Amino acid sequence: MDQGWPKTASPFHPGEQAVQTRLGVRDKIEALGRQFIRDYLPEQHREFYPLLPFLVVGMTDSQGYPWVSLLMGPPGFISSPDAHELHMATQPLFGSPLAELLQVGADVGILGILPENRRRNRLTGTISAVDDEGITVSIAQTFGNCPQYIQTRNIELLPEISLPQQDKEIQGGVRLDNQARALIERSDTLFISTAYGPQREDSTLKNPALGADVSHRGGKPGFVRVEDDQTLIFPDFTGNFLFNTVGNIMAHPKAGFLFIDYDSRDLLYITGRAEIVWDGEEVEAFVGAERFIRCEVHSWRRVAASLPLKFQFGEYSPILEYSGSWEQMDATLAAKRERNSYVGYKVFKVEAASETISSFYLRRADGKSLANFEPGQFLPIRLTIPGEATPVCRVYSLSNAPYGDYYRLSVKREGLASNFLHGQIKAGDYLEAMAPRGKFTLDSSSDRPVVLLSAGVGITPMISMATFIVEASIRNRSNRSRRIYFIHGARNSKFHAFRETIHQLVEQYPAFHLHVCYSHPLAIDRLGLDYDSEGRVNVEVLKHVLPFDDFDFYLCGPQEFMRLLYDELREMGVRTERIHYESFGPATVLQGEASTSVTSPLSTMAVDPVNVYFTQSNLNTEWRPSNGTLLELAEANGLEPAFSCRTGICGICATRIKCGKVHYTEEPTAHLNEGEVLICCSTPRAISNKESCGDDIGIVLDL
């Protein structure tokens, strides 16, 4: 009998279709929906419902506001007389909104869920009978739901499960009290009811809205934020792409919520107006959020000790490891606003990644959440090194993927700062860092296979990118796997960082293709096991490893390595926009054609003296061409601006310019917010008197 959706009309209403179209999955989901959405219960689902001690039920009231509640009973209280009906031999709990809404002809949404093993089934239908024997529902649609975001809990039945109408204390109102707010803000689970309308004209029904539906949402504790006593908001993570709930809200902007206090067994019912927050900097900064759902509370009620079950927590959904939090979102936005301010970090672990590379694990010293970052970005740090007159600033690539509660810097021992890190910094020590930054980032919107080409310590941003792709596939339950070709060069096994990490990724991800080149393998290094070819990474290796396809190439390594591979890729016909690279130094500009255009025309640079005013230092001084950059001018006058690369790559020296204009001696690649300039590679720009800042001052800098 398993025939999928049997009707000519779509299984999706216009609201769902509009969202699917908006997000580019309409045709694909229509085809899939017709395969697994049914108008009857398959045998395995008919066998599933009798196992349950409760059902989640959604209905709407006379004003079209949805409510969510539970129906309870010993396992077996639910039965399926035939494939088109579901019968519940029970009555609503005391204080449940369902007691006021149940009537023949009303639409109802039902969610069967078994937290202990994360199984769930979802159906919609119409009540065909309500009497002392229970409630019968005629099924309109049904389908199985995936187990993601469900926290496991074991269930124990309490004796009062057979007394659903036992009196309980009820409180309520239109503004959430402190107890309600506290429950919401510590919850890791909610149930949401929606409908798609429009309202029926049949005035005999108490609940005239069409298409009642109910769904589950889960997250880390606190994933629902209470903005004020009438507003709550939560992230909508990647789901099954059907967009039932979101489509319903688009068509009928109201929603109901149920929160369970698993300790006191209180049930908190909320209903209100709902909206979808599609985009904005907060959505962008909340890791894993595709959008937000916000609710303005219309009414709520709390029934004390109403739940005749005890829940024993098991474990959080493993997929939540890759989701963010409101605290992390706030930290990311704060870091964006104060991206050039140093904050303290505590090193909580140091470990060797190879003979010459060590990894330093950092958390904020104040205990706050970390700002998120994009795979491939780096962290600017500041070190106080004995014997150095001023703090030493450096930038190091982040070698872990986003979403975690720490940053990992993997540093090669060479030079003043890295030797200090290797020789002196240990777990428990502190250092300072700015927010992550950098334009060398993975294009996660691309479907093209990615080729990660690295040598030596250049592997650090590549590990971040590769881990991100693997974890994103797990998080999104992607049916497609973006192919990864990871080609790395090292001297030998002693100098090969992250060997175990890479092999773990290969085991996790079938679309991961690894090729390792050793230029000077040791006697113990085994060809075909420890490495795949002898020599350096070059075009011949690429031709051997890569099939014919359109790739995104990412390069990171020494200058000679970068230049050689870039030129060879261009000779192979790879377009410049397909080649992304990272380097700190002269290798930054690899395009031959770019070398003649990295500076603006000389006529735009001031050649006469220009007065420069540093506002924070209350310093007014004169710049001449012999002074060099604005950074050098500041240093010559005793100021100590933060900097690292002096070539416009890292962005550490970004400074707000309050008046005037600058000329860049090198085209900067670092990200700049509006109203900022990089003083490490800029000089005053030649301007007319009418463009000056007044009183003969040509530049005003917030420094």
Side-chain angles (χ1 to χ4, degrees), residues 352-358 376 396-397 399 410-415 418 440 442 449-466 483-503 505-506 512-549 551-576 578-592:
S354 75
E355 187 87 355
T356 57
I357 298 173
S358 288
Y396 296 108
S397 294
S399 60
S410 300
V411 181
K412 182 180 179 181
R413 183 195 289 266
E414 58 178 359
S418 61
F440 179 64
L442 178 73
V450 59
V451 182
L452 306 177
L453 301 170
S454 60
V457 75
I459 196 173
T460 55
M462 303 308 191
I463 287 291
S464 180
M465 293 182 183
R483 283 177 290 149
I484 302 172
Y485 294 87
F486 199 129
I487 303 174
H488 177 65
R491 184 175 179 84
N492 50 52
S493 57
K494 279 190 175 182
F495 298 91
H496 184 181
F498 300 109
R499 283 195 302 167
E500 292 184 5
T501 300
I502 296 175
H503 285 292
L505 293 174
V506 171
F512 199 119
H513 307 276
L514 174 66
H515 188 94
V516 176
C517 303
Y518 282 174
S519 59
H520 297 82
L522 301 173
I524 60 172
D525 293 335
R526 299 160 297 176
L527 182 64
L529 292 177
D530 299 306
Y531 67 105
D532 300 289
S533 64
E534 186 171 348
R536 300 183 185 276
V537 178
N538 54 36
V539 69
E540 297 305 319
V541 173
L542 267 60
K543 290 178 178 178
H544 171 72
V545 174
L546 301 179
F548 181 79
D549 208 337
F551 300 99
D552 287 332
F553 291 89
Y554 293 83
L555 287 66
C556 190
Q559 179 181 350
E560 181 182 355
F561 166 85
M562 302 267 288
R563 170 68 66 185
L564 177 65
L565 279 178
Y566 183 88
D567 290 344
E568 289 179 335
L569 288 171
R570 293 292 290 123
E571 289 176 5
M572 291 171 60
V574 179
R575 301 196 299 274
T576 56
R578 293 284 190 270
I579 309 174
H580 313 270
Y581 51 86
E582 176 76 295
S583 178
F584 301 105
T588 299
V589 180
L590 298 181
Q591 301 100 317

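A quick note: this is a predicted structure, and the numbers were derived from the prediction, not measured.
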**Q** How long is the straight-line distance from CD1 of Ile579 back to CG of Leu569, given to the nearest 0.5 Å?
**A** 4.5 Å

**Q** Would you compute the distance between atom CG of Leu452 and atom CG of Leu442 and round it to the nearest 0.5 angstrom?
**A**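 Atom-to-atom, Leu452:CG and Leu442:CG are 7.5 Å apart.
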
**Q** Which atom names give the shortest non-hydrogen contact between Arg570 and Thr576, and what distance separates them?
**A**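 Taking every non-hydrogen atom into account, NE-CG2, 3.2 Å.
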
**Q** Measure the shortest side-chain to side-chain distance between Leu527 and Pro521 over non-hydrogen atoms and say whether it is less than 4.5 angstrom.
**A** no

**Q** Please state whether the rings of Tyr485 and His513 are parallel, tilted or perpendicular, taking 30° and 60° as the class boundaries.
**A** parallel

**Q** Report the distance from atom CG of Asp525 to atom CZ of Arg491, rounding to the nearest 0.5 Å.
**A**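 If we round to the nearest 0.5 Å, Asp525:CG and Arg491:CZ are 11.5 Å apart.
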
**Q** Considering all heavy atoms of both residues, which atom of Val537 and which atom of Ser454 are nearest to each other, and what is their separation?
**A**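 Where Val537 meets Ser454 most closely, the heavy atoms are CG2-O, 4.3 Å.
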
**Q** Show the nearest heavy-atom pair for residues Cys517 and Gly535, with the distance to one decimal.
**A**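 So the two residues come closest at CB-O, 3.4 Å.
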
**Q** Nearest 0.5 Å please: distance from the NZ atom of Lys412 over to the CD1 atom of Ile357.
**A**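 So the gap between those two atoms works out to 7.0 Å.
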
**Q** One pair to check against side-chain contact (heavy atoms from CB on, under 4.5 Å): Phe498 and Thr460. What are the steps and the verdict?
**A** CA-CA 9 Å; Phe498 300 109; Thr460 55; 4.3 Å; yes

**Q** Answer yes or no: is there a side-chain heavy-atom contact under 4.5 Å between Arg483 and Pro547?
**A** yes

**Q** With sequence neighbours left out, what residues match Leu514 under side-chain contact (heavy atoms from CB on, under 4.5 Å)?
**A**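 In terms of side-chain contact (heavy atoms from CB on, under 4.5 Å), with neighbours along the sequence ignored, Leu514 is linked to Phe486, Ile502, His503, Val506, Phe512, Val516.
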
**Q** For Arg578, does the CZ atom sit with more than 12 other heavy atoms under 6.0 Å from it, leaving out its own atoms?
**A** yes

**Q** Rounded to the nearest 0.5 Å, what separates atom CD in Glu560 from atom CG in Leu565?
**A** 10.5 Å

**Q** Which label fits Tyr554 and His580: parallel for a plane angle under 30°, tilted from 30 to 60°, or perpendicular past 60°?
**A**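 Plane angle under 30°, so parallel.
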
**Q** Determine whether Asn492 and Tyr531 make a side-chain contact, defined as any pair of heavy atoms from C-beta on separated by less than 4.5 Å.
**A** no

**Q** Contact between Asp530 and His496 at the side-chain level, heavy atoms closer than 4.5 Å - yes or no?
**A** no

**Q** Between Val450, Val451, Val574, which is the residue that forms a side-chain contact (heavy atoms from CB on, under 4.5 Å) with Phe551?
**A** Val451

**Q** Please enumerate all residues that pass ring pair (Phe, Tyr, Trp, His ring centres under 6.0 Å) together with His515, with sequence neighbours excluded.
**A** none

**Q** I need the minimum non-hydrogen distance between Ser399 and Ile463, along with the two atoms involved.
**A** O-CG2, 3.2 Å

**Q** Using a 4.5 Å cut-off on heavy atoms from C-beta on, say whether the side chain of Phe553 contacts that of Leu542.
**A** yes

**Q** Which atom names give the shortest non-hydrogen contact between Tyr396 and Ser418, and what distance separates them?
**A**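 Looks like OH-N, 3.6 Å.
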
**Q** Any idea which heavy atoms bring Ile459 and Ala497 closest together, and the distance?
**A**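 Smallest heavy-atom distance, with atoms named: CD1-O, 3.4 Å.
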
**Q** Nearest 0.5 Å please: distance from the NZ atom of Lys543 over to the CZ atom of Phe548.
**A**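 It is 13.0 Å, given to the nearest 0.5 Å.
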
**Q** After noting the C-alpha distance and the side-chain angles of His520 and Phe495, does the key distance pass the side-chain contact (heavy atoms from CB on, under 4.5 Å) rule?
**A** CA-CA 10 Å; His520 297 82; Phe495 298 91; over 6 Å; no

